[in-house]
Amino acid sequence: MSIRSILLCLALYACINTGYTQINCLAFTDSAHKKACELYNRADSFAQGSFKSQLYMDSAIRICPDFSYAWRELGVPYLKRGDFYTWRKYIDKAVALNPSTYLIIRGWCRFKFVRDYEGALQDLQNVDTLPKYILPRSGDGYWNVYTMAALCQQQLGNYAEALNYFNLALDTVVVKYGYHQTDMFGYLYRAVLKIQTGDYNSALEDLDLQEKRCNNYMETAYYKGLAWQGMHNQEKASQYFKEANRLYTEGYHFSDPYCEMPQAVYISDIKNKLN
């Protein structure tokens, strides 16, 4: 699989930008919201988090204190810089004003950036109580709400609950919403949980399904090696660890500009297995 094919595969799922997009100001009927919307859109002319961008956001809020879009956007630069305390002040305000839009965003950020699994899980579970028309997804588009809840439960050591959420994310969602709402690496994540619980045969089945979704990823080969190792088949395990090593050196592995991705594997992990 070429780099171009992998980028295309990523593009199919990473459909929600982590920054902000222009808003249709004609959707607002009152002058205050329209003016706040115009200022919000003008901020897009400047770098996110710059003085001028933040100034426009502040101005939008002064004109219209319940303009949730600006509250959320004011906090994003602090999140990316690691100032989670300041970010929470802004995102909490956005959630209070517009929970249907921003509750899942806060839960996703608590899961991905802060590693606050208990807090993230609380937000993600509350998303199900909100009115919605499509399955909610993370801010970067990689995960649906059930996958994120599963990963939180897994990190908390609640493996049975994690498996239930993975099954919702991968089995129920396909029937109700179609494959476009499942996750790019969902089968791999569930396979890792099954490896942790000793269900190696079922883990290999999930990893085969993962390859059909988006193949040639080092992580898939590595976890296949772990599953075969768990079944005491060192010859098969070594075969997949070698394959993982090749794929890693060719650049076919997880990557994220901000955080370590769930179940990420490093070259040191592979070398340890090969040695």
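Excluded from the calculations below are hydrogen atoms, water molecules and symmetry mates; all remaining heavy atoms, backbone and side chain alike, are included.
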Parallel, tilted or perpendicular: ring planes of Tyr102 versus Tyr69, cut at 30 and 60 degrees: perpendicular
Salt bridge (Lys or Arg N to Asp or Glu O under 4.0 Å) contacts in which one or both residues fall within residues 89-104, not counting sequence neighbours: Arg88-Asp92, Asp92-Arg106
With Asp116 via salt bridge (Lys or Arg N to Asp or Glu O under 4.0 Å) - residues at least two apart: Arg110
Pair listing, salt bridge (Lys or Arg N to Asp or Glu O under 4.0 Å) test, anchored in residues 251-273, at least two apart: Lys112-Asp256
No-hydrogen, no-angle side-chain donor-acceptor test under 3.5 Å, Asp140 and Ser138: yes
Within residues 94-104 or reaching into it, pairs that qualify as salt bridge (Lys or Arg N to Asp or Glu O under 4.0 Å) - sequence neighbours excluded: none
Residue pair Tyr165 / Thr147, side-chain heavy-atom distance below 4.5 Å: no
Side-chain donor-acceptor contact under 3.5 Å, Arg62 with Ser59: yes
Pair Phe111 + Trp143: ring centers closer than 6.0 Å: yes
Partners passing side chain to side chain contact (heavy atoms under 4.5 Å, CB included) against Lys34 (at least two apart in sequence or in another chain): Phe28
For Ala70, side chain to side chain contact (heavy atoms under 4.5 Å, CB included) partners two or more places apart: Tyr40, Met57, Ala60, Ile61, Phe67
Partners passing salt bridge (Lys or Arg N to Asp or Glu O under 4.0 Å) against Asp66 (at least two apart in sequence or in another chain): none
Residues that Arg246 engages under side chain to side chain contact (heavy atoms under 4.5 Å, CB included), provided they are two or more places apart: Glu243, Glu250
Salt bridge (Lys or Arg N to Asp or Glu O under 4.0 Å) against Lys194, all qualifying residues, sequence neighbours excluded: Asp206
Ring pair (Phe, Tyr, Trp, His ring centres under 6.0 Å) involving Phe241 - partner list, sequence neighbours excluded: Tyr222
Glu38: side chain to side chain contact (heavy atoms under 4.5 Å, CB included) partners, not counting sequence neighbours: Cys25, Lys35
Salt bridge (Lys or Arg N to Asp or Glu O under 4.0 Å) partners of Asp58, counting only residues at least two apart: none
